[in-house]
**Student:** 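One structure, as structure tokens, below. Some questions next.
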Amino acid sequence: MPPTSLSTPVPAPTHTASAPSPARQRRRHRAVAAWVAACAVALLLIGLAGQWAARREANFQADSIRRAMEVHVLGLRDAAGKYNYLPFTTGLHPLVLAALDHPRDQAAKQRANLYIEGVNRRAGSDALYLIDMQGVTLAASNWATPQSFVGQSYANRPYFIDAREGRNGLFYGVGQTTGEPGLFISSPVRGADGDVRGVITVKVSLRQVQETWTFVRDPILLTDARGVVFLSSVPSWMYQSTRTLAAAELEGMRRDQQYGTRTSFQAVPWKVERDEGAHSYLVRASVGGRPRQFLAVDERLPDLGWTLTVMADHADVDVARERAWMLGLLCAVVLLLAGLYWQLRERRFAEQRDARRDLELRVRERTHELDEAHAFRKAMEDSLLVGMRARDLEGRIIYVNPAFCEMTGYDADELLGKLPPYPYWHPNDVTQHWRHYDAMMSGQPVRSGFESRLRHRDGHEVITMVYTAALIDADGKHAGWMSSVVDITEQKRAELRQRQNDEQLQHAQRLASLGEMASTLAHELNQPLMALSNFASAAKAFAQQGNQQLLVSSLDEAMMQAQRSAEIVRRIRGFVRQRTVGTEDCSVAALAGNAIALLQGEIRMRQARAELRIPQELPDVRGDRVLLEQVLLNLLSNSLHAMQTVPPEQRVVEVEAGLEGGRMHIRVADRGPGIDPAVADQVFSPFFTTKTGGLGLGLNICRTIVEAHRGSLSFADRPGGGTVFTLELEISPPP
């Protein structure tokens with residue numbers, strides 16, 4: 001029996017599928033066409049709904065603008081109309097008539113000044129003044145101020161001209177004397193015979209209206225009959241024109257000095273879009289440095305000769321359209337899902353009806369298939385080499401397969417129902433086991449797997465790779481965790497053997513390099529040994545002669561030659577026997593110097609020389625000193641071998657280093673014949689060599705060592721002949 005009774009998916013019964021009938025295909029095509037038509041109609045309705053919502057919001061905004069406009073119109077009419085009576089009533093007073101009848105009587109004009117000043121103070125207007133028929137001011141409420149109107153001529157002002165001709169005057173403009181804008185209301189002063197004797201004018205400031213408009217969110221502006229903006233909540237639009245002014249209009253404003261000394265009026269910086277027959281229109285303008293779009297409505301004030309324009313942010317219209325589109329799309333999606341659900345439901349019912357007709361036959365087939373599936377599942381579990389382990393939400397083991405039991409040495413009955421700590425946990429890694437267990441129980445298992453060391457029941461260690469995923473039951477609920485446990489013990493051992501083989505191969509390459517230098521080493525050792533023999537013979541002769549001074553000198557020289565021989569032997573022995581000690585900070589100059597020192601005998605034997613150009617201020621490189629010295633030694637040896645056919649004076653091997661792009665570049669260059677392009681692709685291939693009796697592993701091992709240091713090894717032709725090998729390495733991080 002299997003260790004537990006987890007359910008296994010059962011293969012569906014095999015039936016021969018019949019080709020769909022033409023009638024079924026036609027029904028399917030009609031259904032697809034109906035769905036396409038429904039989607040097209042839905043999109044059309046959504047678009048129409050968005051346009052309807054946008055028009056509705058625009059109409060609502062227009063209504064809101066009209067209601068706000070009524071308030072602003074009442075405010076403007078109140079500001080202009082509450083002083084209409086003042087010029088007429090003031091012109092009825094005898095003191096005013098006396099000043100007009102006796103314009104040279106200073107006392108009469110002073111009494112008129114005092115009277116007009118009192119009336120203006122009680123009324124609260126800006127200024128009130130009396131003008132004779134020639135347009136010269138006789139008396140004014142500001143007679144005692146530096147900017148008094150008395151004596152000033154206003155014959156060019158339209159309000160004076162209208163009142164002189166017997167009509168009430170109304171005019172908005174900049175004051176000729178004060179330079180302050182205001183509304184001028186004038187009325188003729190008539191004598192007892194009804195003839196016009198003079199003009200009374202009151203100046204009213206609209207400053208309060210302007211200050212009120214500064215608090216509104218959207219622009220409001222007031223234009224005169226010529227389209228010039230003289231009042232606006234946007235200061236930059238003041239005294240700009242909404243249309244192109246004719247030359248006659250500009251001349252009239254210059255003559256009337258309506259807006260002071262201004263002779264040109266730029267167009268308002270906006271773009272207007274109007275629909276034919278619509279009361280509102282769109283305005284695109286930049287306000288506060290930000291482009292905006294407004295819905296604008298104009299209201300003409302014929303009695304004042306002005307046009308009031310109130311705007312509202314058009315973004316609300318776009319929001320309404322987009323909201324309608326989103327709502328329409330949501331409804332369409334809901335209907336689509338409902339239709340799909342209904343179609344799937346009907347299809348399921350049809351399938352169920354078809355299934356019931358074949359139920360008895362399929363029950364027999366299913367029973368047979370279940371038996372086969374059970375046998376197949378048991379055979380699959382028995383043949384699996386990967387251990388499978390399932391745990392519930394409390395961490396209790398609920399399933400193990402035979403491979404896992406064999407991996408741990410415990411039977412299924414001994415593991416099922418166990419809670420941690422599990423018996424196969426390695427006693428030295430209990431803390432790590434608990435950490436992985438807690439991560440799994442918190443719902444955050446290591447997705448990429450983790451390495452775990454287990455203790456077999458007989459005591460030997462088993463190294464595994466564990467992959468954990470959520471266990472979902474038939475209802476789609478999280479029921480626990482399923483883990484795949486892979487035995488990687490042999491893989492780990494193979495990796496260890498591979499590392500040992502690599503080290504042995506590198507050691508063999510060093511021995512091979514030493515073999516190539518054997519004759520040179522013999523020559524190196526022969527010189528100090530011969531010198532040692534000569535100095536010993538001389539010492540013997542000096543001893544017989546009793547020459548103490550020469551005897552001591554010969555013995556000293558013999559000792560020096562013995563030390564030289566010992567140093568050569570020590571250096572060779574250290575190169576052969578040394579083992580890598582791991583990563584450390586290595587001086588580039590020391591690496592190159594040690595490699596050249598080992599090859600010094602071969603360099604002399606080949607009548608060559610080495611030039612070392614390495615700045616002392618270069619930073620260290622990070623790596624294994626022994627392996628890096630082996631790379632440089634091999635490159636230098638190859639360079640010396642490559643120059644054996646060139647004249648002795650040209651046998652120069654150059655070693656230089658420098659920083660490029662934050663990495664160390666060490667170059668070893670020779671002046672040999674170079675590398676044949678035909679074999680350039682095989683230079684780093686194992687067992688490829690151009691040396692007689694060579695192994696063909698030197699450059700391959702060198703590249704392997706360099707790439708293990710996260711570096712690169714490459715070569716190129718040297719200008720003028722020869723080859724340059726470039727060793728690129730990482731530098732040590734700053735302390």
Side-chain angles (χ1 to χ4, degrees), residues 506 509-528 563-578 580 584-621 623-644 646 648-658 664-672 691 694 698-699 701-702 705-706 709 711 713 715 718 722-729:
Q506 294 164 7
Q509 176 61 23
R510 289 200 293 273
L511 292 177
S513 299
L514 184 61
E516 293 179 2
M517 296 186 295
S519 61
T520 304
L521 296 175
H523 178 72
E524 285 289 304
L525 288 173
N526 185 54
Q527 288 182 351
Q563 291 174 358
R564 179 183 174 190
S565 301
E567 176 64 22
I568 293 174
V569 173
R570 184 194 62 78
R571 186 185 306 159
I572 300 304
R573 180 183 300 171
F575 178 71
V576 173
R577 292 183 178 179
Q578 62 184 344
T580 60
E584 58 181 314
D585 292 336
C586 305
S587 169
V588 179
L591 292 175
N594 291 340
I596 291 176
L598 285 170
L599 291 173
Q600 194 62 45
E602 184 175 355
I603 292 173
R604 286 197 297 269
M605 186 188 72
R606 294 185 182 273
Q607 299 181 10
R609 67 180 188 276
E611 293 184 359
L612 192 63
R613 293 193 289 272
I614 299 178
Q616 294 296 326
E617 65 273 9
L618 285 180
D620 295 342
V621 295
D624 191 302
R625 180 181 58 80
V626 174
L627 297 180
L628 293 179
E629 285 183 2
Q630 181 173 343
V631 173
L632 290 175
L633 181 68
N634 192 284
L635 296 178
L636 288 167
S637 178
N638 288 348
S639 296
L640 293 173
H641 185 271
M643 294 188 297
Q644 62 185 359
V646 301
E649 64 273 7
Q650 298 181 10
R651 297 175 187 172
V652 180
V653 59
E654 302 172 0
V655 182
E656 61 179 15
M664 183 67 66
H665 287 249
I666 305 174
R667 295 180 178 86
V668 179
D670 61 59
R671 299 184 181 181
K691 297 180 182 179
L699 289 177
I701 293 176
C702 288
I705 293 173
V706 173
H709 285 74
L713 179 62
F715 68 91
R718 181 179 179 273
T723 307
V724 179
F725 278 85
T726 301
L727 172 62
E728 181 182 341
L729 295 171

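Numbering of residues begins at 1 and proceeds along the displayed sequence.
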**Student:** Please say which of Leu591, Val588, Leu636 ends up in a side chain to side chain contact (heavy atoms under 4.5 Å, CB included) with Val655.
**Tutor:** Leu636
**Student:** Taking atom CG of Asn634 and atom CZ of Phe725, what is their separation to the nearest 0.5 Å?
**Tutor:** 9.0 Å
**Student:** Are any of the side-chain heavy atoms of His709 and Asp624 separated by less than 4.5 Å?
**Tutor:** yes
**Student:** Taking C-beta and beyond as the side chain, do Asp620 and Cys586 meet within less than 4.5 Å on heavy atoms?
**Tutor:** no
**Student:** Please report the interatomic distance CD1(Ile596) to CZ(Arg609), rounded to the nearest 0.5 Å.
**Tutor:** 13.0 Å
**Student:** Can we say Arg667 and Glu654 salt-bridge, meaning some charged N sits less than 4.0 Å from an Asp/Glu carboxylate O?
**Tutor:** no
**Student:** Between the main-chain N or O of Leu635 and the side-chain N or O of Ser639, is there a donor-acceptor pair closer than 3.5 Å?
**Tutor:** yes
**Student:** Give a yes or no on whether the backbone of Thr723 and the side-chain of Asp670 come within a donor-acceptor separation of less than 3.5 Å.
**Tutor:** yes
**Student:** Work out which heavy atom in Cys702 is nearest to a heavy atom in Val631; give both atom names and the distance.
**Tutor:** SG-CA, 3.9 Å
**Student:** Evaluate the side-chain proximity of Leu727 to Leu632: yes if any heavy-atom separation is below 4.5 Å, no if none is.
**Tutor:** yes
**Student:** Using a cut-off of 6.0 Å, state whether more than 12 heavy atoms not belonging to Gln616 lie near its atom CD.
**Tutor:** no
**Student:** Quick check for you: to the nearest 0.5 Å, what is the distance between Arg671 atom CZ and Glu649 atom CD?
**Tutor:** 10.5 Å
**Student:** Tell me every residue that passes salt bridge (Lys or Arg N to Asp or Glu O under 4.0 Å) with Glu656, counting only those two or more places apart in sequence or in another chain.
**Tutor:** Arg613
**Student:** Any side-chain heavy atom of Leu729 sitting closer than 4.5 Å to one from Leu628?
**Tutor:** yes
**Student:** Between CD1 of Ile614 and CE of Met664, what distance do you get to the nearest 0.5 Å?
**Tutor:** 9.0 Å
**Student:** Within the structure provided, determine whether Arg606 and Met643 are in side-chain contact (heavy-atom separation under 4.5 Å).
**Tutor:** no
